[in-house]
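Counting starts at 1 for both ligands and their atoms, following the listed order. The figures that follow rest on heavy atoms only: side chains count, while hydrogens, waters and symmetry mates do not.
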Amino acid sequence: MTIAQPRHLLDGSHRRMFIGGAWVEAASGQTMETRNPANGVVIATVPRAGKKDIERAVAAARNAFDGPWSRFKPHERQKLLLRIAELFERHWEEICVSDTTDMGLPIARARGNANRVLGMLRYYAGMATALHGQTIDNSLPGDIVSYTRKEPIGVVGAIIPWNAPTAASVWKIGPALATGCTVVLKPSEEAPLTPLLIAELMAEAGVPDGVVNIVTGTGTEAGAPLAEHMGVDKIVFTGSTATGQSIVRASAGNLKRVSLELGGKSPVIVCTDADLERAVPVAAMSVFANSGQICIAGSRLFVARQIHDEFVARLAAYAAGLRIGNGIDPETEIGPLISPRQLQRVEGYLRAGSEEGARLVVGGTRLSQGALAAGNFVAPTVFAGVSDTMRIAREEIFGPVISALPFDTLDEVVRRANDTPYGLAAGVFTRDLATAHQLSRRLQAGSVWVNTYHAIDPAVPFGGYKMSGYGREGGTDHLDEYLNTKGVFIRID
Ligand code: NAD
């Protein structure tokens with residue numbers, strides 16, 4: 001295959017999308033811009049795909065699924081994944097610069113994600129040769145041998161948000177390659193560039209034409225036709241709960257399988273015996289990292305009343321000391337929000353917090369001094385005196401905003417922590433083992449972290465309870481999302 005795509009220049013030049021092993025334009029010829037959120041500069045234009053392009057990509061994915069890809073042995077898929085991991089490692093700096101420039105992630109943080117992303121690819125490589133069914137003794141009359149087979153589900157439509165383009169792409173494409181599925185991935189219109197770079201690396205690694213397709217476009221013009229498409233066997237989606245609901249509705253046509261990683265309003269509980277030296281920075285960065293644009297943000301901070309004031313004061317000092325700026329500066333700890341629209345949304349919550357009577361402890365404003373004026377920067381913010389019914393305590397903000405809420409007893413805090421439609425994650429800080437186990441059991445969340453936060457392991461399932469979605473990413477559960485189980489009965493008497 002020839003790679004007729006210039007390397008990532010991030011200088012405003014045009015890039016094409018990747019369908020059937022070729023770099024192509026949208027059928028309509030339309031394009032859209034993507035900007036650097038740190039300074040508003042247009043860094044590239046990409047095709048603005050529509051229904052026809054989704055048709056073309058699904059057809060390419062189907063041909064590949066039925067064609068040579070179906071004859072790849074597990075060990076060949078494993079080798080491919082290991083080669084992809086190697087190329088990712090070699091081009092990691094390029095991937096980091098792409099994420100930083102397209103979605104604002106501080107480069108130091110992007111660089112720090114290397115082990116996690118490479119670990120995912122190598123985990124899937126390992127799993128490619130570990131997929132198997134079972135033989136099952138049964139009580140049927142006659143002599144019948146029964147066994148199960150695990151078969152790839154087919155063409156997978158993957159739809160991802162802007163906040164972690166590299167990890168989200170790998171989390172969707174990696175298991176597809178491990179199981180023998182093919183993929184049509186639609187990145188967020190806010191951050192489409194790194195998935196295109198990833199497609200380049202995958203092609204270079206030898207992924208056959210049509211196995212991985214990247215279609216750039218908006219949610220309504222490209223995402224919705226993908227979700228509805230009768231030729232798609234499964235949708236794997238990460239994004240907001242509202243979009244997740246529309247994807248479930250769109251899936252009804254062919255009853256395609258769906259797995260959903262959605263929003264959250266995760267509680268972090270700091271008990272009286274917590275190690276504050278550890279708890280303060282971890283609780284702060286559970287939200288401020290990625291400027292709060294993290295689905296697992298621990299944005300409801302429940303602090304035992306005896307230590308509440310001290311904790312909030314320390315948290316505010318920590319927040320005030322964070323270095324904010326263009327993520328391309330390696331000293332930057334907090335980058336911009338993705339877009340002016342997201343900035344407006346977060347500013348709306350900052351106003352709502354004050355209007356509803358919360359006490360602003362630190363931050364609370366857009367930052368517009370000097371070079372920051374051209375970007376979408378918000379100061380890391382802590383509100384105290386928050387009640388459970390305020391909007392800032394109930395709705396997902398997706399910005400650097402923590403609501404601190406005092407509590408008195410464990411029973412009370414469990415009830416309040418679980419009083420949310422979401423159930424993605426929870427954090428607990430305590431030195432008491434029994435408290436750690438009790439809270440881990442009682443909190444309704446797909447992940448519970450004790451004396452840490454954000455730990456993600458490719459071998460450990462991640463996903464939501466309640467309206468944070470269903471299905472799991474990570475671990476063997478993840479591979480099962482891409483497989484059908486077939487029961488086979490053979491009469492041998
Ligand atoms: P979003 O739901 O607006 O968009 C996500 C993706 O869906 C984008 O690619 C978008 O173009 C597409 N889309 C939009 N409308 C669509 C439609 N009708 N049909 C099909 N596709 C459509 O989410 P966002 O604003 O990009 O991301 C933020 C949200 O994602 C937050 O709610 C956050 O919590 C969630 N998120 C969840 C996880 C997780 O793992 N649980 C991880 C990251 C982000």
Practice prompt. Indicate yes or no: does an N/O atom of Gly219 lie under 3.5 Å from an N/O atom of ligand 1?
Written response: yes

Worksheet item: Roughly how far apart are Thr182 OG1 and Asn213 CG, rounded to 0.5 Å?
Response: 7.5 Å

Worksheet entry | Within-cut-off N or O pair, Ser240 and ligand 1, under 3.5 Å | yes

Worksheet item: To which of Gly223, Gly446, Gly464, Pro225 does the heavy atom nearest atom 20 (C) of ligand 1 belong?
Response: Gly223

Worksheet item: Between Glu189 and ligand 1, is there a nitrogen or oxygen pair with a distance under 3.5 Å?
Response: yes

Worksheet item: Taking atom CD of Glu356 and atom CE of Met390, what is their separation to the nearest 0.5 Å?
Response: 6.0 Å

Item to complete: Could you tell me whether Asp99 and Arg111 make a salt bridge, using a distance below 4.0 angstrom between a side-chain N and a carboxylate O?
Response: no

Fill in: Ile160 N/O under 3.5 Å from ligand 1 N/O
yes

Discussion item. With heavy-atom distances below 4.0 Å as the criterion, list the atoms of ligand 1 near Phe462.
Written reply: 40 (O)

Worksheet item: Does Thr243 reach ligand 1 with a nitrogen or oxygen that is under 3.5 Å from one of the ligand's nitrogen or oxygen atoms?
Response: yes

Worksheet entry | Pair Lys150 + Asp480: basic N to acidic O under 4.0 Å | yes

Fill in: Candidate list Pro340, Ser339, Ser291, Pro336, test side-chain contact (heavy atoms from CB on, under 4.5 Å), partner Pro37, passing option
Pro336

Worksheet entry | Distance flag for atom 4 (O) of ligand 1, protein heavy atom under 4.0 Å | no

Worksheet item: By number and element, which atoms of ligand 1 are closer than 4.0 Å to a non-hydrogen atom of Trp162?
Response: 24 (P), 25 (O), 26 (O), 27 (O)

Practice prompt. Number the atoms of ligand 1 from 1 as they appear, then name those within less than 4.0 Å of a heavy atom of Ile159, with their elements.
Written response: 6 (C), 7 (O), 9 (O), 12 (C), 20 (C), 21 (N)

Response to the item:
Per-atom filter on ligand 1: closer than 4.0 angstrom to a heavy atom of Ala224 are 19 (N), 20 (C)

Item to complete: Check each heavy atom of Ile294 against ligand 1 and say whether those closer than 4.0 Å belong to the side chain, the backbone, both or neither.
Response: neither

Worksheet item: Salt bridge check: are Asp53 and Arg56 linked by an N-O gap of less than 4.0 Å?
Response: yes

Item to complete: May I ask you to check if ligand 1 and Leu424 share an N or O to N or O distance below 3.5 Å?
Response: no

Practice prompt. Below 4.0 angstrom from a heavy atom of Pro187, which ligand 1 atoms are there? Numbered from 1 as shown, please.
Written response: 9 (O)

Discussion item. Between the side chains of Glu200 and Arg15, is the shortest nitrogen-to-carboxylate-oxygen separation below 4.0 Å, so that they form an ion pair?
Written reply: yes

Discussion item. So, taking the atom named CD in Glu94 and the one named CG in Leu201, what distance separates them when rounded to the nearest 0.5 Å?
Written reply: 7.0 Å

Fill in: Numbering as shown, the atoms of ligand 1 that approach Thr238 to under 4.0 Å (heavy-atom distance)
5 (C), 36 (N), 37 (C), 38 (C), 39 (C), 40 (O), 42 (C), 43 (C), 44 (C)

Item to complete: Could you list which atoms of ligand 1 come closer than 4.0 Å to a heavy atom of Cys295?
Response: 34 (O), 36 (N), 37 (C), 38 (C), 39 (C), 40 (O), 41 (N), 42 (C), 43 (C), 44 (C)

Fill in: Sub-4.0 Å heavy-atom contact, Ala227 with ligand 1
no

Worksheet item: Is Lys186 close to ligand 1, meaning an N/O of one under 3.5 Å from an N/O of the other?
Response: yes

Worksheet item: Can a non-hydrogen atom of Ala250 be found less than 4.0 Å from any atom of ligand 1?
Response: no

Worksheet item: Counting both backbone and side chain atoms, is some N or O of Glu396 under 3.5 Å from an N or O of ligand 1?
Response: yes

Practice prompt. Check whether the ring centres of Trp162 and Phe398 lie less than 6.0 Å apart, and answer yes or no.
Written response: yes

Worksheet, complete the sentence: Under 4.0 Å from one or more heavy atoms of Gly263, ligand 1 contributes atoms 32 (O), 34 (O)

